[in-house]
Amino acid sequence: DNIHAFPPQPLNGASFGNSFGVSFYLRYTPETTLFRRKDNFEDTPKLEWLETITMKESGGELNGIPRTPQFWKFHADMYRHNPSSGTLIAWRKRYLLAYKHVANEPDTSPSKSFVQMMAAGSGMITLDELGGLQQDDVSKAEAVRNYISKNGCQMIIHLHDVPAIFTSNDFRSKERLLEFDIGVQGQQARIKAYQYLNINRGLPAGQWAREFEFSSNVPHNLQPGGHGMAPPPVLVSNPRNALPFSGEYD
């Protein structure tokens with residue numbers, strides 16, 4: 001139904017950047033064939049979390065080895081690239097987390113992402129309406145899907161991201177531009193934003209640059225400027241598609 005972004009909050013200390021949230025408002029309608037893959041039924045639209053990362057890094061040392069100035073760029077749909085990240089895993093676990101919301105079970109993961117589930121008319125859902133207490137994650141997720149297929153529901157999936165740069169001592173300066181394009185496939189509503197960070201160890205931390213705006217107009221255009229072109233670090237470019245979560249349906 002809708003996507004809503006929450007204002008960024010600054011992060012300082014060991015990490016320099018921002019935190020921000022995006023909530024997706026989903027409305028399910030009853031459907032007897034819901035979740036039966038053999039009927040080619042499509043579940044909720046697929047999440048798209050597109051990011052373009054541009055990094056310009058100047059010198060320093062890593063493990064005593066001098067580092068040359070470098071410039072690299074990387075673009076990916078992060079939900080396909082790293083669906084088990086702390087930011088995005090709540091989407092994969094939406095049915096389990098919906099059960100926990102109804103059952104008032106705590107989510108022990110460190111992420112601030114969460115899921116809320118309400119009846120189709122916005123009222124509360126009881127645990128009895130989900131078939132009673134379930135013992136394992138697969139049964140909990142299946143109980144939610146069974147309820148939805150008969151009754152429909154409303155669901156809010158809130159994803160919480162913390163884009164930041166670790167302020168370690170192994171570089172002289174880092175200038176980074178992040179561009180976000182967030183939504184779901186087949187829907188026009190999108191959240192577009194950019195974050196610009198510039199850490200210069202020759203300046204006090206209070207003079208480092210930090211910008212975050214919800215806008216598709218990006219005023220920064222990072223160029224190599226004498227920095228050698230380099231491939232993105234493998235920790236960035238290597239897919240981290242973990243084994244499927246036992247209660248997911250995606």
Side-chain angles (χ1 to χ4, degrees), residues 5-23 47 49-79 81-93 107-114 157-182 191-215 218-220 222 227 230-240 242:
F6 292 83
Q9 300 297 319
L11 296 174
N12 298 295
S15 297
F16 180 75
N18 302 90
S19 67
F20 74 102
V22 178
S23 286
L47 173 66
W49 192 284
L50 309 180
E51 289 187 19
T52 300
I53 309 170
T54 307
M55 175 71 85
K56 187 175 181 179
E57 182 177 335
S58 296
E61 291 188 352
L62 180 61
N63 298 324
I65 302 174
R67 304 172 66 181
T68 59
Q70 59 181 2
F71 179 93
W72 56 265
K73 198 164 188 172
F74 179 75
H75 174 80
D77 180 344
M78 290 301 182
Y79 187 62
H81 188 67
N82 185 16
S84 293
S85 72
T87 296
L88 304 177
I89 196 170
W91 188 280
R92 296 180 74 192
K93 298 172 65 174
D107 179 20
T108 57
S109 67
S111 171
K112 293 183 180 180
S113 299
F114 61 85
I157 303 177
H158 179 81
L159 303 181
H160 185 84
D161 198 9
V162 285
I165 294 176
F166 290 115
T167 57
S168 59
N169 295 317
D170 62 356
F171 63 90
R172 286 196 294 271
S173 67
K174 283 187 178 181
E175 187 178 9
R176 189 183 76 180
L177 177 66
L178 276 182
E179 298 170 75
F180 298 91
D181 182 358
I182 301 167
I191 296 295
K192 295 189 178 182
Y194 76 88
Q195 181 201 56
Y196 172 75
L197 303 176
N198 194 344
I199 297 176
N200 187 332
R201 297 205 170 280
L203 298 173
Q207 297 182 30
W208 294 349
R210 171 171 46 201
E211 299 175 25
F212 191 109
E213 297 289 341
F214 289 106
S215 173
V218 181
H220 301 278
L222 268 62
H227 289 56
V234 294
L235 289 176
V236 173
S237 61
N238 280 2
R240 286 159 282 169

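Using cut-offs of 30° and 60° for the angle between ring planes, the F20 and F212 rings count as tilted. Taking the six-membered ring where the residue is Trp, H81 and F74 present tilted rings, their angle falling between 30° and 60°.
Donor-acceptor pairing under 3.5 Å is lacking for the side chains of S113 and H160. Using modelled atom types, one finds a donor on one side chain and an acceptor on the other under 3.5 Å when comparing Y194 with E211.
For the atom pair I89 CD1 and L159 CG, the distance stands at 11.5 Å (nearest 0.5 Å). Here CE of M55 is found 5.0 Å from NZ of K174. Values are rounded to the nearest 0.5 Å. Here the CD1-OG distance, from I199 to S58, works out to 12.0 Å after rounding to the nearest 0.5 Å. Separation of atoms CG (L177) and NZ (K56) is listed at 12.0 Å; rounding is to 0.5 Å. Annotation: the span from H158 atom NE2 to F114 atom CZ amounts to 5.0 Å, rounded to 0.5 Å. The distance from the CD1 atom of I182 to the OH atom of Y79 is 14.0 Å, given to the nearest 0.5 Å.
Residues F71 and L222 approach most closely at CZ-O, 3.6 Å, considering heavy atoms. Summarising the geometry of P69 relative to H227, their closest heavy-atom pair is CB-CD2, 3.4 Å, with the distance given to 0.1 Å.
With hydrogens and angles disregarded, no donor-acceptor distance shorter than 3.5 Å links the side chain of D181 to the backbone of K192. Under the 3.5 Å distance criterion, the side-chain polar atoms of W208 are matched with a main-chain donor or acceptor of N200. Side chain of T167 to main chain of A14: a donor-acceptor pair is present (N/O by atom type, distance under 3.5 Å, no hydrogens or angles).
Within a 6.0 Å sphere centred on CZ of F166, other residues, nucleotides and ligands contribute 12 heavy atoms or fewer.
Inter-residue side-chain proximity for F16 and L11 is flagged as unmet; no heavy-atom pair is nearer than 4.5 Å. No side-chain heavy atom of M78 sits less than 4.5 Å from a side-chain heavy atom of F180. With a 4.5 Å cut-off on side-chain heavy atoms, R176 and I53 count as touching. Inter-residue side-chain proximity for V22 and W49 is flagged as met; some heavy-atom pair is nearer than 4.5 Å. Looking at heavy atoms from C-beta onward, L88 lies in side-chain contact with L47 at the 4.5 angstrom threshold.
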Query raised in the report: Taking it one step at a time, do R240 and S85 satisfy side-chain hydrogen bond (donor to acceptor under 3.5 Å, both in side chains)?
Result: CA-CA 8 Å; R240 286 159 282 169; S85 72; over 6 Å; no
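W72 pairs with exactly one of P232, S237, P231 by the side chain to side chain contact (heavy atoms under 4.5 Å, CB included) rule, that one being P232.
Evaluation of the side-chain hydrogen bond (donor to acceptor under 3.5 Å, both in side chains) test over residues 11-22, restricted to residues two or more places apart or in two chains, returns N12-R210, N18-Q195.
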